Chemist: 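First the structure, which I've put down as structure tokens, then a few questions once you've had a look.
None of these values were measured; they are calculated from a predicted model.
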Amino acid sequence: MDSLLFPAEAEARAWAALTHAYGSAADVPDSLRALAGDDDEEAADALSELYGSILHQGSVYSATAHAVPFLARIAAAGIRAADVIALLGGIAENGADGGGSDEAAARRAVTAELPLLLASLDDEDSAVRQAAAWAAAMTGEAGTAYGPLRDRFTVETDPQVLAELLGGLVHLDPGRAAALAAGAVGPGGPAEVRVAAVMACVDAGADWEPGHHDALLALLPADPHVAGRMDLDRTEPLQYVVSALLLRDTPAGRDGAYALLAAALRRGEPGVLAEAVRASESAVQISRSAPERLAGPLCDAVRRDPSITPEVLSLLRLLGAHAAPAAPVLAELAARDDAQADQALATLVVVDAERAVPFLAGDLARRPRALDAACGGLFGSPRVPCDPGLLAAGARPAGRARRARRSGALPLRGPAGVLGRRRVLRPARGAGRARGVPAADDEGAGRGLRPRGPGRGRRGPAPGGPLGATGGKTRRGQGAVRTHR
């Protein structure tokens with residue numbers, strides 16, 4: 001590293017007395033030197049090392065704040081500036097305001113570099129401008145950063161940078177930025193900006209209006225429009241918006257969320273359906289009314305186009321008995337002789353246990369998932385009613401089950417043992433009634449589950465990869481797994 005970037009003071013600093021995720025921070029100077037060096041492969045490794053040590057899975061340490069000034073010098077010299085500024089933004093994001101903690105020291109250190117970050121908003125490289133917009137917002141310094149970000153928004157032309165600027169402005173000052181976000185929702189603008197604007201309106205606390213509903217539906221599938229964002233909390237817009245509306249815990253919020261999901265589920269297009277299923281699964285975790293509210297549109301979609309059923313089996317299972325209208329389609333899938341038949345039957349057990357019994361009795365050994373569901377898993381209670389055909393199937397020689405297990409048709413756990421104990425043959429409590437997820441009005445339904453809403457479900461980036469690659473869910477240059485705290 002050039003002596004101007006890495007002067008004697010860095011070497012003289014007592015790094016060994018500081019700590020990072022793996023103990024002594026004595027190796028930090030070497031990582032900084034490699035990051036600023038000419039070898040791209042070594043620089044990529046160094047950046048990954050720094051993400052794994054001074055910003056490990058969203059945690060900062062005593063060495064983190066001490067590394068910030070040297071990272072800033074590297075970025076100011078134009079050396080891998082976008083990647084280094086993104087690292088500074090991550091440090092600020094996971095810091096804290098006030099106090100004497102490592103988190104507070106880390107954020108103060110990045111805040112001290114705001115002149116660099118704000119100057120980088122005018123860089124000719126759009127990746128640098130995007131990283132700078134996000135990093136400046138993460139300092140939380142609205143008084144200093146809001147004006148420059150707002151000025152840049154007026155003249156910026158790159159959609160990704162515009163989206164990052166808008167998100168940053170709402171993060172800094174939701175009240176001031178609300179009108180700007182509302183004005184960017186309508187048709188005519190870049191999809192990246194419109195999706196960011198819808199989420200920004202939700203973040204700003206705006207009432208959910210038909211214009212928001214129509215805009216987000218028109219932009220589905222929306223995940224590709226945020227694939228390049230620095231903000232890892234908002235990489236699934238439909239899920240994010242639905243969770244945010246439900247977490248408002250108001251009738252209007254619930255109505256808006258379920259209307260959005262119903263429309264998305266009924267679309268039935270592969271990309272849209274995948275996003276709608278994930279958002280619906282989050283809704284089931286958050287709201288007790290979700291199974292009842294979602295069953296109608298989902299079952300309508302399945303009956304209209306049975307070919308989508310394999311893609312929604314997990315959601316149907318979560319809805320339990322509320323999804324009974326889809327049982328005939330599930331039965332048709334369960335009757336097939338293919339890989340999906342077992343999964344369809346496992347879902348049918350939860351949705352309509354009585355309808356599932358004949359299929360179970362027909363071939364227990366080749367339906368391990370369905371058998372496991374019928375038994376309630378390893379620790380649950382049987383879901384299916386007692387039935388003569390099922391009794392006869394369970395009484396068949398155990399050798400068949402052993403042969404099936406040897407052939408791989410049965411897993412080594414659960415079902416084989418259940419067959420031996422004949423547990424499935426005991427009458428289920430409340431025989432004839434499916435035992436799925438709790439009904440919408442069951443007390444305590446959904447408790448203990450962590451919603452994948454705002455602030456939840458952060459995707460950690462995949463290890464490795466080239467310097468600067470995002471991979472859709474990875475911040476520039478980030479090589480270590482990073483999770484939301």
Side-chain angles (χ1 to χ4, degrees), residues 163 166-167 170-171 174-175 177-187 189 191 193-223 225-226 231 233-269 271-301 312 315 318-319 322 440-441 445-446 449-457:
L166 184 57
V170 172
H171 178 81
L180 184 65
V185 169
V193 179
R194 295 182 65 202
V195 170
V198 172
M199 292 190 287
C201 287
V202 172
D203 290 337
D207 292 337
W208 185 252
E209 298 178 350
H212 301 131
H213 174 98
D214 294 342
L216 189 51
L217 277 181
L219 292 162
L220 295 179
D223 290 4
H225 303 315
V226 297
D231 187 348
D233 278 330
R234 294 165 179 80
T235 56
E236 297 182 50
L238 181 59
Q239 176 268 329
Y240 182 85
V241 168
V242 165
S243 297
L245 291 175
L246 290 176
L247 289 170
R248 289 180 177 183
D249 199 22
T250 63
R254 286 187 287 272
D255 289 345
Y258 291 129
L260 192 57
L261 286 176
L265 288 168
R266 289 190 172 110
R267 286 264 297 269
E269 302 163 26
V272 176
L273 184 63
E275 294 183 10
V277 167
R278 291 197 301 271
S280 297
E281 289 172 348
S282 292
V284 172
Q285 296 183 49
I286 295 170
S287 172
R288 290 182 296 179
S289 62
E292 184 176 14
R293 299 285 293 267
L294 295 174
L298 181 59
C299 292
D300 288 347
V312 300
L315 180 55
L318 282 175
L319 301 187
H322 292 285
D441 57 353
L449 296 171
R450 298 181 64 187
R452 294 174 59 220
R456 301 285 190 192

Chemist: From Leu265 CG over to Leu260 CG, what is the distance, rounded to the nearest 0.5 angstrom?
Modeler: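 Output value for this atom pair is 9.5 Å.
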Chemist: Residues two or more places apart in sequence or in another chain: which of them pass side chain to side chain contact (heavy atoms under 4.5 Å, CB included) with Ala301?
Modeler: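 Side chain to side chain contact (heavy atoms under 4.5 Å, CB included) check on Ala301 returns Arg304, Ile308.
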Chemist: What are the two closest heavy atoms between Leu219 and Ala191, and how far apart are they?
Modeler: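 Heavy-atom minimum between the residues: CD2-CB, 3.8 Å.
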Chemist: Nearest 0.5 Å, please: how far is CG in Leu261 from CD in Glu275?
Modeler: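 One gets 11.5 Å once the value is rounded to the nearest 0.5 Å.
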Chemist: So which of Leu298, Val312, Val272, Leu318 actually passes side-chain contact (heavy atoms from CB on, under 4.5 Å) with Val277?
Modeler: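 Going through Leu298, Val312, Val272, Leu318 one by one, the side-chain contact (heavy atoms from CB on, under 4.5 Å) with Val277 is satisfied by Val312 alone.
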Chemist: Take Tyr258 and Leu245 through the test side-chain contact (heavy atoms from CB on, under 4.5 Å) and record every step on the way to the result.
Modeler: CA-CA 9 Å; Tyr258 291 129; Leu245 291 175; over 6 Å; no
Chemist: Once you round to the nearest 0.5 Å, how far does CD1 of Ile286 lie from CD of Glu281?
Modeler: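 Reported to 0.5 Å precision, the distance equals 12.0 Å.
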Chemist: Listing request: all salt bridge (Lys or Arg N to Asp or Glu O under 4.0 Å) pairs with a residue in residues 244-254, at least two apart in sequence or in separate chains.
Modeler: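 Output for this query lists Asp249-Arg254.
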Chemist: Minimum heavy-atom separation for Leu166 to Ala200, with atom names?
Modeler: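 Of all heavy-atom pairs spanning Leu166 and Ala200, the closest is CG-CB, 4.4 Å.
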Chemist: Would you name the heavy atoms of Pro174 and Ala204 that are closest together and state the gap between them?
Modeler: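 Smallest interatomic distance, heavy atoms only, reads O-CB, 3.8 Å.
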Chemist: Would you find a donor on one side and an acceptor on the other, under 3.5 Å apart, between the side chain of Ser287 and the backbone of Ala283?
Modeler: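 Not at all, since once roles are kept as given, no pair shorter than 3.5 Å links the two residues.
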Chemist: Looking only at heavy atoms, which two atoms of His212 and Asp207 are closest? And how far apart?
Modeler: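 Taking every non-hydrogen atom into account, CE1-O, 3.2 Å.
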Chemist: Does any part of the side chain of Cys299, heavy atoms only, come nearer than 4.5 Å to the side chain of His322, both counted from C-beta?
Modeler: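 No, every pair of side-chain atoms sits at 4.5 Å or beyond.
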Chemist: Do any N or O atoms from the side chain of Arg267 and from the backbone of Leu273 form a donor-acceptor pair under 3.5 angstrom?
Modeler: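 No; judged by distance alone, with no hydrogens or angles, the pair does not exist.
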Chemist: With a 3.5 Å distance limit and no angle check, can you tell me whether Tyr240 reaches the backbone of Thr235 through a side-chain donor-acceptor pair?
Modeler: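 No: the side chain of Tyr240 does not pair with the backbone of Thr235.
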